[in-house]
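Structure, as structure tokens:
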There are 2 protein chains.
Amino acid sequence: MQTNNVTIHDIAAALKIDSSTVSRALNNSPRVTQKTKQRIWAKAQEMGYQRNVLASNLRKNKTNTIGVIIPRISRFFFSSAIEGIEETAFENGYNVIMCQSLEKLERETNLVQTLVANRVDGIILSISMETLDYEHMELARKNGIPTVFFDRHCDIPGNNNVLLNDYQGSFDATDHLVSQGCRNIAHLAGPRDLKLYQNRFNGYKEALEKNGLPFQPDLVIDSNLMEEDGANAAQKILETLPQVDGIFSANDVAAVGAMQFLKGKNIKIPDEIAIVGFSNGPTSSVIDPALTTVDQSGKKMGRLATELLIKQINAKPIPLAPETIILEPTLIQRDSTQKKPTIHPNT
Amino acid sequence: MQTNNVTIHDIAAALKIDSSTVSRALNNSPRVTQKTKQRIWAKAQEMGYQRNVLASNLRKNKTNTIGVIIPRISRFFFSSAIEGIEETAFENGYNVIMCQSLEKLERETNLVQTLVANRVDGIILSISMETLDYEHMELARKNGIPTVFFDRHCDIPGNNNVLLNDYQGSFDATDHLVSQGCRNIAHLAGPRDLKLYQNRFNGYKEALEKNGLPFQPDLVIDSNLMEEDGANAAQKILETLPQVDGIFSANDVAAVGAMQFLKGKNIKIPDEIAIVGFSNGPTSSVIDPALTTVDQSGKKMGRLATELLIKQINAKPIPLAPETIILEPTLIQRDSTQKKPTIHPNT
DNA sequence: CTGTTAGCGCTTTCAG
DNA sequence: CTGAAAGCGCTAACAG
């Protein structure tokens, strides 16, 4: 039940050399002869030595750890993003410490403090729905900790971002609905404070214009886009907006809520009302095939964000110019006539 | 761009007192007078002091961090589990460092080493499909790091476990199919090496017996239960097992794969073939309502596992007797006649 | 209640 | 190429 306590000093003593040489050998420094390295490695193995990462970190003032803050892990988009982050970090020898803001700014602020206090080497962040500015990120900036925002972001210049082209995706989605014959397309919109939802709204609006359809403000239903909100919106549509023949939802959660409600009322999807939702790719495989989705590809965004962050970390102390990477979304359309569903790898 | 370097010595110097007093005050020790505490806190605030967690950790040989190893984050069951873990850890002042084994034993072994090297206070683990023993966990045991296994486990005594009653869940699921009139129930089975899948298989088999139905070995289809496997199994059933009128899948991923394949062939679910799959609760809200599921409630398991782990951590150095917590699963049955789908909170 | 002292285990000058 | 020595920032005896 004892902690395994063999230190570099123990192995130095056993070999009658100095601990600094041991340290160098274990770090594979070129300034130690191959022969002594071999002896040291062998001894270390034999004695079951394990580097005390804490001490090493303290001395180097570096933790080899990336901090990640996202609103909620169990949302598929974010868990895929984390999957990408974790894999990329792992490949590059970084650990990941992961936290959820649960959409609360206060929690997010605390988490940034914790991460800074834990001396993470960098932070990847997807801001909460309550976050309207980057004031709480000052702390990270002051401590020289590089940060990459992904998916959700405020529109302040000078930051690293990995984003989806929300405008284009929404434009395409709406355009798709029009091409399917929809003429009165409702929009389930998210909080307009978030740039992301603003962009999705704009894409919707301009696709209507481009197709010569009038923008009807009463067809825009605002909410936080939870499943319940989607169901409520669907109910509202059935009861008060009979002309609606298509729905563009700013996320998949609300889209599913709406779809299930409508199906419960025996409305045929997409024949009577067509639905398109923004969504993370693989999710769609468990979503009804009747639902067309705009692929958010969280895993790819996670990978890109991590690569960018590591680039910035390695650039220290001379910081690189901030970068913004914009991914183009793809429309994924499936239906029950398809022979085989899109397969995703056990996710 | 400079690291913020105010230490307890700086604030001690500014106040012309000793750094140890500062340390005590900042840890709110009762052995410092309220008045000096106040002065110290004020000064700390003023100078923008931030405790160096690394140094503190090194000194205390404790990191206030829990390590989590799961097969794959983006699987909904695991991301919900992590959600529960993270929330419980956060409430108790712990950080979470999270890693994926990607179902590889080698990776899992490496990760345990990394976590031990990082001096995590405890480990929560759901073993990979390749893991057949706990040999690689010796390292954690030797270093006195408590461990809790959840969901997937080997059947070796003396460990902390948080499990689902897989046997009962499978029994109930199969029983349910029989009560719906199914007489030839196929079973999509997972790797029999994993206790979990063995139990699910046993529940299936004994439910058949109890209902006076013969166990037909050729109706058991083995695979790794990916979506593709489910689709393949469904194809096999259509082509070579026409008598099948019900499917019990050992997980939801394969169940969805099978269901979507069958729907593509215009088979009515559940009228022509009924399907029940083991699944994490909230997932079911995005799964077709025709699919009945056995609720795995990942978040609850995550919470329980973390609570148990923290209990064990706090019990050090005298370890508590290992505990096994077994959750009873519930059958969740929905259908399109239901007025409203099960709502889940934006997950 | 506060100060003194001695490290936690490692890395990194600086000498030789 | 290796050794000696100092110290990262904090905590925890032990005195007083």
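Throughout, protein chains are lettered first and strands after them, A, B, ... in sequence-line order, and every chain is numbered starting at 1. In this text the structure is predicted, and so the values were computed from the model without any measurement. These numbers come from the heavy atoms of this one structure, side chains and all, not from hydrogens, waters or symmetry mates.
- Atom CG in B:Asn61 sits about 20 Å away from atom P in D:dG9, given to the nearest Å.
- Contacts of A:Asn27 with the nucleic acid, taken as non-hydrogen atoms under 4.0 Å apart, involve only primed sugar atoms and P, OP1 or OP2.
- For the pair B:Ile8 CD1 and D:dA12 C1', the computed distance is 12 Å after rounding to whole Å.
- The side-chain tip of A:Arg72 does not point at the ring of A:Phe77 from less than 6.0 angstrom away and within 45° of straight on.
- Looking at the side chain of A:Asn52, the nearest of the listed nucleotides C:dG9, D:dT2, D:dG9 is C:dG9.
- With C:dT12, C:dT4, D:dC10 as the choices, the nucleotide that has an atom nearest any side-chain atom of B:Tyr49 turns out to be D:dC10.
- For A:Thr7, the listed nucleotide lying nearest its side chain is C:dC10; candidates were C:dC10, D:dT11, D:dG9.
- Counting to the nearest Å, the P atom of C:dT4 and the NZ atom of B:Lys16 are 14 Å from each other.
- Which of C:dG9, D:dT11, D:dA5 sits closest to the side chain of B:Ser23 comes down to D:dT11.
- Comparing C:dT2, C:dC10, D:dC8 against the side chain of A:Leu58 picks out D:dC8 as the nearest.
- B:Arg51 comes within contact range of the sugar-phosphate backbone alone, with a heavy-atom separation under 4.0 Å but no base atom that close.
- Of the candidate nucleotides D:dA5, C:dG3, D:dC10, D:dC10 has the atom lying nearest to any side-chain atom of B:Ser56.
- Residue whose closest nucleotide on DNA chain C sits further toward the 5' end, between B:Ala55 and B:Val32: B:Val32.
- Between A:Thr21 and the phosphate of D:dG3, there is a side-chain N or O to OP1/OP2 separation shorter than 4.0 Å.
- Taking only side-chain atoms of A:Arg59, from C-beta outward, the nucleotide of C:dA6, C:dG3, C:dC10 with the closest atom is C:dC10.
- The interatomic distance linking B:Lys62 (NZ) with D:dA12 (C1') rounds to 17 Å, in whole Å.
- Remark: B:Ser20 is not in phosphate contact with C:dT2, judged by side-chain N or O atoms under 4.0 Å from OP1 or OP2.
- Between the side chain of A:Arg119 and the base of D:dG9, no donor-acceptor pair of N or O atoms lies under 3.5 Å.
- No engagement by A:Leu54 is indicated, since no non-hydrogen atom pair under 4.0 Å with the nucleic acid exists.
- Under the side-chain contact (heavy atoms from CB on, under 4.5 Å) rule, A:Val53 has a single partner from B:Leu58, B:Thr63, B:Asn118, B:Asn57, which is B:Asn118.
- Remark: P of D:dA6 and NE2 of A:His9 are 14 Å apart, rounded to the nearest angstrom.
- From A:Phe150, atom CZ reaches atom CG of A:Leu163 across 10.5 Å, with rounding to the nearest 0.5 Å.
- Salt bridge annotation for B:Glu86-B:Lys299: absent, with no cationic side-chain nitrogen under 4.0 angstrom from a carboxylate oxygen.
- Spacing between atom CG of A:Asp18 and atom P of C:dT12 amounts to 15 Å, rounded to whole angstrom units.
- The distance from atom CG of A:Asn28 to atom P of D:dC1 is 13 Å, rounded to the nearest whole Å.
- Between A:Phe149 and A:Tyr134, the ring planes lie parallel to each other; the angle is under 30°, not in the 30° to 60° tilted range.
- Regarding A:Asn57, its CG atom lies at a distance of 15 Å from the P atom of C:dG9, rounded to whole Å.
- Across C:dT11, D:dG3, C:dT2, the shortest atom-to-atom separation from the side chain of A:Lys60 is found for C:dT11.
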B:Thr21 vs B:Ile40, side-chain contact (heavy atoms from CB on, under 4.5 Å): CA-CA, chis, key distance, verdict: CA-CA 9 Å; B:Thr21 307; B:Ile40 292 172; 4.2 Å; yes
